[in-house]
Each structure stands twice: as C-alpha cells, then as structure tokens.
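One structure is given below, encoded as structure tokens.
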Amino acid sequence: MERTFIAIKPDGVQRGLIAEIISRFERKGFKLVAIKLVVPSKEFAQKHYHDLKERPFFNGLCEFLSSGPVLAMVWEGEGVIKYGRKLIGATDPQKSEPGTIRGDLAVVVGRNIIHGSDGPETAKDEINLWFKPQELV
Ligand code: ATP
Ligand code: MG
C-alpha cells in the first residue's frame, strides 16, 4: 500500500497543532503507520531538503527545521502521497485554499507548519531517512 512521509515542523508543534493535523489525516481515512518526535540536527535537515540546496532560503529553512521538535510520521492509504499534499495545501499559505491545513492555520511560507513528500521516489527516500524499518507497523 502507498505510503508518504509527513512532518509537523517546529512551528506547528510549538503552536499546539499536532492533534488538529493528525485528526485531519485520520478523518480522511488514512492510516498512521509510524510516528515520533525528534529534534533533527542541521546536517539532517540539509539531507532532508537536499533538493533545495541551491535556493536562497535553504540555510534559513534548515536552521528552522532543526530549531525544535518535529513530529515525523508515515501515513498509508490509496493515493496518500498526492491527497496528503491536497490536505496540506499550497506551499505559500497566502495561496493555500481555505479548508487546507496551511490555508486554515498558517500565514507565511517560512512558517508553513507541515511537510509532505512530493512524489513516490521522495516518499521512499524520506521514509528511509527518518525511520528505521522496525519503527513502521
Ligand atoms: P515541503 O517540502 O515542506 O512539504 P513544499 O513541497 O510545499 O513544502 P518546497 O518547494 O519543497 O515546498 O519547499 C520546501 C519548504 O521551503 C517550504 O515548505 C517552505 O517552508 C520553504 N520555502 C519554499 N519557498 C520559500 C521561499 N520562497 N521563501 C522561504 N521559504 C520557502
Ligand atoms: Mg517539498
């Protein structure tokens, strides 16, 4: 069954949005198969966002991801990669539709509270980066 990597970033954890976000994925019908709270190192954040290393905001983004607890999760279900991104909404919360997580709960792109894998390959890589096989149920 299809799986994706979802992370609540430090701003989402700090703002107390864990239950709200998990409940949206649960109510949709997706299944939680792994979950843990971690403070990633900056080096780890750079690995996670390696595709963006040429972007001007890369350093700030990695600093931010490693600034506090992140809730790392794996969710499973038919179409979960694409539909998970739909639940999350557009990257820039100014452009995310109301009804999406970023649309309802965030204001600026540098504090958009949640990450979701953008395709099957990245989902596989990100799950392997963040979790050991025995951490998945
Ligand atoms: P994510 O990978 O976190 O799920 P995304 O796939 O919607 O987000 P990406 O293009 O992968 O968007 O960008 C990764 C993250 O980098 C964004 O979630 C955002 O926090 C940050 N980011 C993207 N564009 C900008 C920007 N122009 N300025 C500052 N931060 C940005
Ligand atoms: Mg992305």
Side-chain angles (χ1 to χ4, degrees):
M1 180 59 81
E2 186 173 315
R3 289 177 166 183
T4 193
F5 174 70
I6 300 290
I8 304 180
K9 300 178 189 180
D11 52 338
V13 174
Q14 200 272 331
R15 288 177 55 205
L17 297 174
I18 290 174
E20 163 79 35
I21 292 170
I22 287 181
S23 105
R24 291 184 183 216
F25 278 82
E26 281 188 324
R27 277 151 56 205
K28 173 66 182 168
F30 294 133
K31 183 181 161 202
L32 185 61
V33 295
I35 185 166
K36 64 181 172 186
L37 202 54
V38 287
V39 183
S41 65
K42 191 170 173 193
E43 291 67 35
F44 189 92
Q46 287 166 341
K47 272 190 204 162
H48 171 75
Y49 277 128
H50 68 275
D51 282 350
L52 299 171
K53 63 175 179 293
E54 308 303 335
R55 308 297 291 275
F57 54 83
F58 179 71
N59 188 57
L61 176 63
C62 295
E63 287 272 358
F64 180 63
L65 194 72
S66 59
S67 69
V70 171
L71 192 74
M73 299 176 277
V74 179
W75 286 87
E76 182 180 279
E78 193 173 323
V80 70
I81 299 173
K82 213 167 174 187
Y83 206 92
R85 302 239 330 155
K86 235 175 175 169
L87 289 177
I88 289 170
T91 307
D92 180 352
Q94 295 289 334
K95 297 182 180 139
S96 324
E97 295 298 326
T100 65
I101 291 166
R102 288 169 176 161
D104 290 347
L105 305 170
V107 179
V108 294
V109 70
R111 296 290 184 273
N112 62 3
I113 63 176
I114 181 167
H115 162 82
S117 304
D118 60 12
E121 282 306 310
T122 41
K124 190 151 60 85
D125 292 348
E126 290 170 1
I127 291 167
N128 288 335
L129 177 65
W130 288 81
F131 288 97
K132 301 187 186 89
Q134 63 268 31
E135 292 176 311
L136 290 112
V137 298

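All ligand and atom numbering here is 1-based and tracks the order in the structure. These values consider heavy atoms only, across backbone and side chains, with no hydrogens, waters or symmetry-generated copies.
Under the 3.5 Å distance criterion, the side-chain polar atoms of E135 are matched with a main-chain donor or acceptor of K132. Of the possible donor and acceptor atoms, none in the side chain of E76 sits under 3.5 Å from a partner among the backbone N and O of T4. Between the side chain of E2 and the backbone N or O of V80 there is at least one donor-acceptor pair closer than 3.5 Å.
The shortest heavy-atom distance from R55 to ligand 1 is not under 4.0 Å. Not close to ligand 1: R111, with no non-hydrogen atom less than 4.0 angstrom away. Proximity of F64 to ligand 1 is not established, as no heavy-atom distance is less than 4.0 Å.
Using a 4.0 Å cut-off between heavy atoms, D92 makes no contact with ligand 1 at all. With a heavy-atom cut-off of 4.0 Å, L61 touches ligand 1 through its side chain alone. At a heavy-atom cutoff of 4.0 Å, ligand 1 is contacted by no atom of E126, backbone or side chain. At a 4.0 Å heavy-atom cut-off, ligand 1 touches V109 through backbone and side chain alike.
In this structure, E26 and W75 have side chains that are in contact, with non-hydrogen atoms separated by less than 4.5 Å. Using a 4.5 Å heavy-atom cutoff, the side chains of V13 and I18 are in contact. Looking at heavy atoms from C-beta onward, M1 lies out of side-chain contact with K31 at the 4.5 angstrom threshold.
In this structure, the protein non-hydrogen atom closest to atom 10 (O) of ligand 1 is L52 CD2, 4.3 Å. For atom 24 (N) of ligand 1, the closest non-hydrogen atom of the protein is F57 CZ, 3.3 Å. The shortest contact between atom 2 (O) of ligand 1 and any protein heavy atom is with H115 ND1, 2.9 Å. Annotation: atom 8 (O) of ligand 1 to nearest protein heavy atom, R102 NH2, 3.4 Å. Taking atom 17 (C) of ligand 1 as the reference point, the nearest protein heavy-atom neighbour is N112 ND2, 3.6 Å. Nearest to atom 5 (P) of ligand 1 among the protein's heavy atoms is T91 OG1, 3.5 Å. Atom 6 (O) of ligand 1 has R85 NH1, 2.7 Å as its closest protein atom, hydrogens excluded (heavy atom only). Taking atom 3 (O) of ligand 1 as the reference point, the nearest protein heavy-atom neighbour is Y49 OH, 2.7 Å.
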Show every donor-acceptor pair shorter than 3.5 Å between a side-chain atom in residues 44-54 and any protein atom, with sequence neighbours excluded, or say none if there are none.
residue : atom : partner : partner atom : Å
H48     : ND1  : W130    : NE1          : 3.1
Y49     : OH   : K9      : NZ           : 3.3
H50     : ND1  : K47     : O            : 2.8

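Close contacts between ligand 1 and G116 involve ligand atoms 4 (O) [criterion: under 4.0 Å to a heavy atom]. Close approach of ligand 1 to K9 is summarised as follows: ligand atoms under 4.0 Å from at least one heavy atom of the residue are 3 (O), 17 (C), 18 (O), 20 (O).
Evaluated for a side chain to side chain contact (heavy atoms under 4.5 Å, CB included) with R111, the options V109, I113, V108 yield exactly one hit, V108.
Legend: residues meeting side-chain contact (heavy atoms from CB on, under 4.5 Å) with N128, ordered by chain and number and at least two apart, are K124.
Hydrophobic clustering places I21 together with L37 (ILVMFWY residues linked when any side-chain heavy atoms are closer than 4.5 Å, directly or through intermediates).
When all heavy atoms of L65 and P40 are compared, the closest pair comes out as O-CG, 3.5 Å.
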